[in-house]
Every structure is written in C-alpha cells, then in structure tokens.
Q: 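Just dropping this structure here.
The residues of the chain are indexed from 1 along the displayed sequence. Values below: all heavy atoms of this structure, side chains included; hydrogens, waters and symmetry mates excluded. In this text the structure is predicted, and so the values were computed from the model without any measurement.
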Amino acid sequence: QVQLKESGGGSVQAGNSLTLSCGASGVMRIININLLAWYRQAPGQQRELVATATDGSKNYAESVKGRFTISRDNAKNAVYLHMSRLRPDDTAVYYCNAERISYWDGTASRYQYDSWGQGTQVTVSS
C-alpha cells in the first residue's frame, strides 16, 4: 500500500509564501504516478481542486493562478505546491492526491487508485 504524506503547512501572514511537499512511499518501488494534485478544504466548505500536474501539463484553479505553482519530482515520487501572495481565504487543510500509482511490491506490478494524504493545515492571517 502506497502512503502519501504532506508537510510544510503552517501559519503565515497575508502576502507571504509557503511551500507544501507531498511524498509517496511504503512499497518496494513506485513505477509511475500519472497525475498528482493538490486539493484544499476550508472549514464548512467542500474540498476543492487547487492544482494538478502530469508529466506534460499543469493546471490551476482560477483563484490561485499566478500565485501558486505546482511541481513534481518523479525521482523522489514527490509533488510540491509553492504558494505566494497568500491571502486569508487560502486558509484550509491542503491534501495531495495521486490519481493512479503503479508500483512493484516485490512480486508483481500493481495499481493503486485515488490515493490521499492526511492533509496539512495552512492558516493565513490578515
């Protein structure tokens, strides 16, 4: 079973920057992750998509375009979210998601779908 773990959350003042990291681990070898994404969920709100990254493309929610940058490091099985010019309405728990992970468990190659991390809190004060 592949686990995703986020880190890098914290409390910052509006206008500052923060970078979130998410790494995948837990199996003998991860072969490929097709799409990695960041979501966020503010109190009382539905979880919303923030950004996605495949090997060839990146997409962003309108609310974060020009301020957030998603990147991935396939060698480290990691995805990052650099957030700049943070605003109070960016306050949320941020989650990373992997759409499909292919991995080798020592016996066979397998797939794991729709994997989530436990989330990391980002709080932006005005």
Q: Got a list of side-chain donor-acceptor pairs under 3.5 Å for residues 118-126, not counting sequence neighbours?
A:
unit_1 : atom_1 : unit_2 : atom_2 : d
Thr120 : OG1    : Gly9   : N      : 3.2
Gln121 : NE2    : Ala92  : O      : 3.4
Gln121 : NE2    : Thr123 : OG1    : 3.3
Ser125 : OG     : Val12  : O      : 3.4

Q: Should Asn77 and Ile30 be marked as a side-chain contact (heavy atoms from CB on, under 4.5 Å) after you check the CA-CA gap, both sets of side-chain angles, and the distance that decides it?
A: CA-CA 7 Å; Asn77 299 311; Ile30 291 173; 3.5 Å; yes

Q: Could you pull out the closest heavy-atom pair between Ala98 and Leu36, with the gap in Å?
A: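 So the minimum-distance heavy-atom pair works out to CB-CD2, 3.9 Å.
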
Q: Counting C-beta onward and ignoring hydrogens, is there a side-chain heavy-atom pair between Arg72 and Ile33 closer than 4.5 Å?
A: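 Result yes, sub-4.5 Å side-chain heavy-atom pair found.
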
Q: For Gln3 and Ala24, indicate whether the former's side chain and the latter's backbone hold a donor-acceptor pair under 3.5 Å.
A: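 No, because the side chain of Gln3 does not come within donor-acceptor range (under 3.5 Å) of the backbone of Ala24.
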
Q: Going by side-chain hydrogen bond (donor to acceptor under 3.5 Å, both in side chains), name the residues that satisfy it together with Arg85, two or more places apart in sequence or in a different chain.
A: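 Arg85: no side-chain hydrogen bond (donor to acceptor under 3.5 Å, both in side chains) contacts found.
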
Q: Linking Ile, Leu, Val, Met, Phe, Trp and Tyr through side-chain heavy atoms less than 4.5 Å apart, which residues share a cluster with Met28?
A: Ile31, Trp104

Q: Does NZ or CZ of Arg47 lie under 6.0 Å from the centre of the six-membered ring of Tyr95, at an angle within 45° of the ring axis?
A: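 Checked: cation-pi criterion met.
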
Q: Could you give all pairs that pass the ring-ring contact (aromatic ring centres under 6.0 Å, His included) test and reach residues 30-64, with sequence neighbours left out?
A: Tyr39-Trp116

Q: I'd like to check the side-chain hydrogen bond (donor to acceptor under 3.5 Å, both in side chains) partners of Gln45; sequence neighbours left out, ordered by chain and number.
A: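 Result, side-chain hydrogen bond (donor to acceptor under 3.5 Å, both in side chains) vs Gln45: none returned.
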
Q: Just verifying a value: how many Å separate Gln1 CD and Tyr103 OH, rounded to the nearest 0.5 Å?
A: 6.5 Å

Q: With rounding to the nearest 0.5 angstrom, report the CG to OG distance, Leu4 to Ser115.
A: 5.5 Å

Q: Once rounded to the nearest 0.5 Å, what's the spacing between atom CG of Asn97 and atom CG of Leu49?
A: 8.5 Å

Q: Let's go through Arg67 and Asp90 carefully: what are the C-alpha distance in whole Å and the side-chain angles of both, what is the deciding distance for side-chain contact (heavy atoms from CB on, under 4.5 Å) to 0.1 Å, and is it a yes or a no?
A: CA-CA 11 Å; Arg67 299 188 299 122; Asp90 294 317; 2.7 Å; yes

Q: Indicate yes or no: at least one non-hydrogen side-chain atom of Leu81 is less than 4.5 angstrom from one of Phe68.
A: yes

Q: Kindly state each residue pair satisfying side-chain hydrogen bond (donor to acceptor under 3.5 Å, both in side chains) with at least one member in residues 14-34, sequence neighbours excluded.
A: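 side-chain hydrogen bond (donor to acceptor under 3.5 Å, both in side chains) check on residues 14-34 returns Thr19-His82, Asn34-Glu99.
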
Q: What about Leu20 and Leu86, same hydrophobic cluster or not, with Ile/Leu/Val/Met/Phe/Trp/Tyr joined at side-chain heavy-atom distances under 4.5 Å?
A: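 Yes.
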
Q: Taking NZ, NE, NH1 and NH2 as the nitrogens, is one of them in Asp114 or Arg100 under 4.0 Å from a carboxylate oxygen of the other?
A: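 Looking at Asp114 and Arg100, the cut-off is not met.
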
Q: With side-chain contact (heavy atoms from CB on, under 4.5 Å) as the test, would you mind laying out the steps for Glu48 and Gln41 before giving the verdict?
A: CA-CA 6 Å; Glu48 65 170 344; Gln41 187 166 20; over 6 Å; no

